Structure formats: structure tokens, C-alpha cells
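A single structure is presented below for examination.
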2 protein chains.
Amino acid sequence: MSTGDTGREAERGTERDYVQSLERGFAVLLAFDEEMSTPTLAELAAKTGLSRPAVRRLLLTLQRLGYVANRGTRWSLTPRVLTIGQHYSATNARIGLAQPHLLRLAERTGESASLAELDGAEVVYVARVPVRRIMSINVTVGSRVPAHATSMGRVLLAWAGPAAITRFLEETPLHRHTPRTITDPADLRMALAEVREQGWAIVDGELEEGLVSASAPVRDRTGAVVAALASSTSAGRLAPERLREETVPLLVETATAISTELGWSPRTPPVVRDGFF
Amino acid sequence: MSTGDTGREAERGTERDYVQSLERGFAVLLAFDEEMSTPTLAELAAKTGLSRPAVRRLLLTLQRLGYVANRGTRWSLTPRVLTIGQHYSATNARIGLAQPHLLRLAERTGESASLAELDGAEVVYVARVPVRRIMSINVTVGSRVPAHATSMGRVLLAWAGPAAITRFLEETPLHRHTPRTITDPADLRMALAEVREQGWAIVDGELEEGLVSASAPVRDRTGAVVAALASSTSAGRLAPERLREETVPLLVETATAISTELGWSPRTPPVVRDGFF
DNA sequence: GCAGTTTGTACGCACAGCGTACGACCGCCG
DNA sequence: CGGCGGTCGTACGCTGTGCGTACAAACTGC
């Protein structure tokens, strides 16, 4: 193999205290996607850049563990892959606690309710009560959307701390998804300040045309914002003004209720985590 | 849980064409659970039975990949773990296709709707529209429940093929969860025959007291049953008789609609996959 | 029949990954 | 203050895991 990287550390897998085979195993597992839903071994080898025997060994291992299966020469993922995520939900009490609140919020607003967290420059849905299909993509728990163009992302970034915000703005290209998407770092910084001031965010059609969502922060006992609660609708169903007047109060109320269950009190001094984003 | 090794060979991991490090990496990842949500390195080593340096190498690798993070000496999973499951959903068209049908079913019945698949002796939720919290455990996509005590499991087993059914009955202890749980293999076999005959299943309080659910099969273009559609409620809200009269027709109609979208036609001769369960 | 393209597998070598062993760094208590 | 029990980091030499090359075998099309 010899990635030939004696240079100034291209920082690929080859490094001390790093288990190459684990990275490779994930590479194979994640190589399954909509374009390659039932690949052959050779296709996987091509996609991952690994040798055919290596992929074979990894596949056989994953098969043993129950994550892949093969029918003839074609391989596919098994539903067990979905179960891996349960370990995240199980280790974070807030997700289970939030569920009833999400249900109630969805009932009261008649719209989908979501809870999301920040992972890098993206937002990951960690709990969700769908009511109606409004986005072109099918959003489920585990789905990722860019942070800068969503109300949940704005909320999470707003309270991520100054260093994290600066780092985010420096490192993340703000892709334009619709004509309304904020793509200027300075503009986004201002938008975040506004969110911090008012205590919630509304984003109107910046990720997808006609998609409007509102979001409010969920805090843990230390006062740090650990998740964002959101209600999404299509612009046709509910004008942004009505969203602000009717939905936002419910949203803030619900987010506060979840925060309270997490041990937060309104008197808790706000804490910024920083360092991460 | 290690289903069917080819014979003697109890042999854990150590075998040709097997990547030990990958298995160990998963062991570390899955060691995070409700009892150990933010473990220390030493705790993980104890739980997995691996040496401390080994766990450290694996953790650092997982951290690089973005699946774990550490705050001081405590480690935790990141929401990225949830995203792994997306690769399963993305590779199985039926899940995306079913979503609108699930929403509509939940709307029409006023109860939670679920789609599930068989994985070993358990059933895995692969799509879900929650309406109300009825189970004591929080059911989400990726959750697992025993096949023998649920309507979805009954449906999936019923059409899994005779060999698979026999193997299931031989290998799986039918745990009693409530006084009503069927725990006798012969009884379960008869129940499955009944399900096959009538084309749907109702299970009343066999997994959890007061929990009733109905389920119907979803078929792919080959006619094989690939998933089960279910509607669940609490016995207090809806008597089993009314479930049969009102919900089952909707359920069967919806399951047929999904099957049709998957390319199945009522004229397709029924095919059994067998071999797996 | 024979090329072309696939997949499965044997095998010997190298280095990735292993665990032992040791040292640093806490906080606690005498 | 110093010893003690707990944590973690890491140096290091050895082993065997996991590596890719190379070849066999199966299937496909003409």
C-alpha cells in the first residue's frame, strides 16, 4: 500500500495510535448508499479504494457481526445497522425526555416537530414527530442538514460560543441552496446575534424553496445549549408572520419545559461550551 | 446471539478472513449504553475485556471518525452515530416510499404507524410515525422487539418460509413478557398458520400489558414479504374487536398500496425466501 | 471453442496492532 | 508532607493479523 506520505504528515489514517482496519471497516459500511445499494465486492473495492481481498475480509467480518448480508454476489446492509444509533439515543437522556414534548408540540401546531444537535457544520435530527411531508428529502432521525441554512442550525450556532462561531465561519463554505440563503459570513454573524437576542430563530426558505421553520434552544443543567427544538411547515400553509405569532410562543414554552426537565433553571447563568462546533 | 456458526468452531474472532480490529471497534462503540453513557477509558476496557491501550487506540480512531468525543476523562457518543443508519434507509427504497403511507395511516387511524423488518429473532423498526406514547419503552427507528410476541413479528415469521420458521422455533426461547405471551412453539406455529390464512395479525398484550397491535405484510416485486406494517394502540382506547373491524382493513389496504409501489401485483405468485429468519 | 471479465482463494511478507511495563498525574487521607 | 489508589499516557519489542500479489475458477458473450 504505502501511501507514500513521509512528507509533512498528510495526516491520513497512518499515524500512531490509530487502528487502520476500523477506519476501513467503516469505509466499507458507509460505501453502501442510494447509488450503490447492493454492490458487488469489486464495486465496493473500487469505491473505497481498498484491495479486493481487504474488502472481502471486512465484509465477511461485518457479515459475522450481522450488519451486511449477501445474496449471491451482491451485498446489502441489514436493518441491524439502524440499531447502532440506538446506543446514542440510549446514552442521552434528553432524547427520551423530549419525545412526549415533541408529540404534544406536533399536536398543538399540527406541524412536524424535531429535535436536533450540532455535529460539525451540520445539524443532525435526533428525535422527530413527522406530520406531513414538506421537504423534498425524507427527513428522519439521523438525517443531516447544513447548519447555516436552517433555524435549528442558527440556534445551535448562536449559542455555541464566540470561538466556535468564528471557527465555523472561517472553515465552512456557506453554500447557497435557494436565492434567500445567507451566504455571507458577516450577514450570518449578524443573524446569529439577532437569534441570541430574541431567543429563537425563524428561517424562511433558505434551505428549500417554500420551507419555513422556527427553532428554540434546549439547555442542560449547566445552561449550555445542547439541542434545538423546531417546528417546520410549508410557506403556503402558514405565513412567517403567523409562525412567529402562533408557533414561536409554543416552541419556546416547549423548549423551556424540556430544559427544565434536564435540570436547567431560568436563573442558571448562561454557559458557553465553545471549542467545538 | 451468534447465529449459526458452521459447526464446532466456537472460535471467537480468531479465524481466517476475519478482521479482528473491526469487531473490537464495534465492541467499544456498542459498549456505550444507558448504564455507561459517559464511561472512562478504563471502564470501557473492563466492559469489553480489551486491554486499556487497545481501547485507547480504538477510541482515538473513533474520535477521528467523529463518532465519539471526550470531555476530560469521560467519553461519549456523538450524534453522528445516528447517521450511520441513514445508509440503510438510503439503500432500501421501500422505506422512503412507505413514509407517506405511514403518515396517512396514522392520520386515518389516529394511532402510531410503524414499518418493521426481521433481523434474527427480533424485529427492527425501520420507519415510524408516532402519535402517542403507549409503550413503556420509547420506540424509535432502530428499536428492536422480540418477534414472537408482536404482530409485526408474527407477520414476518408467517411468510418467512417453513425452514426459517422451524429454525426459529428450534433456536429461539419464547420468553414470556405477559401472562398472555405465547411461549409454546406448537402454539406459535398454529398462530402463524392462522396469520398466513387471514393475511394479517393481531397481537393483544403479549409483549406489554394493555398494548394491542395489528399488522399486515408488505411484499416486494417477487412477492416475498419484506416488511410488516403495523398500527398500535392501547387496549383502553380501542378494543381488539374494533381494531379488527376498523383498523385491519385500512392496514391491509395501506400495506397493499406500498407493495404495489414496490412493483408487486396481486397476481404475483407468492415466493418464500427461506434460509434466513 | 476462446478471449474477456468476473469472483474466490492461497500464500508469504511486513508492519499494524498487540500487551507488558513503567511513569505521570491527580485527589484523598493520615 | 508523603504514601496510596485511582486515573491516564506512552515507550517498546514481538507476534500474528492483515496485507496485496498472483493465480485459479467460474461465468459470459461471440
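Small disclaimer: the values here were computed from a predicted structure and weren't measured. Naming convention: chains lettered A, B, ... in sequence-line order (proteins, then strands); numbering from 1 in each chain. We use all heavy atoms of the structure for the numbers below, so side chains are in, but hydrogens, waters and symmetry mates are not.
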Map A:Gly72 and A:Leu22 onto DNA chain C by nearest heavy atom, then report which one ends up closer to the 5' terminus.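 Residue closer to the 5' terminus by nearest nucleotide: A:Gly72.
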What nucleotide, of C:dC18, D:dC19, C:dT9, holds the atom closest to the side chain of A:Arg56?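 Closest of the options to the side chain of A:Arg56: C:dT9.
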Contact list for DNA chain C against residues 32-55 of chain B - heavy-atom distance below 4.0 Å: B:Ser51, B:Pro53, B:Ala54
Between N or O atoms, less than 3.5 Å apart, protein on one side and nucleotides 4-6 of chain D on the other: list the pairs.
none

Per the side chain to side chain contact (heavy atoms under 4.5 Å, CB included) rule, which among A:Leu30, A:Val28, A:Asp33 passes with A:Lys47?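 The option that passes is A:Asp33.
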Does C:dG17 have its OP1 or OP2 closer than 4.0 Å to a side-chain nitrogen or oxygen of A:Ser21?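 Affirmative; the distance criterion is met.
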For B:Arg80, salt bridge (Lys or Arg N to Asp or Glu O under 4.0 Å) partners two or more places apart: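 For B:Arg80, the residues satisfying salt bridge (Lys or Arg N to Asp or Glu O under 4.0 Å) (neighbours in sequence not counted) are A:Asp119.
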Could I get the full list of salt bridge (Lys or Arg N to Asp or Glu O under 4.0 Å) partners for A:Glu43, not counting sequence neighbours? A:Arg74
For A:Leu97, all residues meeting side chain to side chain contact (heavy atoms under 4.5 Å, CB included), sequence neighbours excluded: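 Side chain to side chain contact (heavy atoms under 4.5 Å, CB included) list for A:Leu97, sorted by chain: A:Glu261, A:Leu262.
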Overall bend of the helix from C:dG1-D:dC30 to C:dC22-D:dG9 (five pairs an end, 10° steps) is 40°
What's the closest nucleotide to the side chain of B:Arg24 if the choices are D:dG18, D:dT7, C:dC18? C:dC18
If you check every side-chain atom of A:Thr73, which of D:dC8, D:dT10, C:dT7 has the closest atom?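 That would be C:dT7.
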Tell me if the centroids of the rings in B:Phe26 and A:Phe26 come within less than 6.0 Å of each other.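 Ring centres of A:Phe26 and B:Phe26 closer than 6.0 Å.
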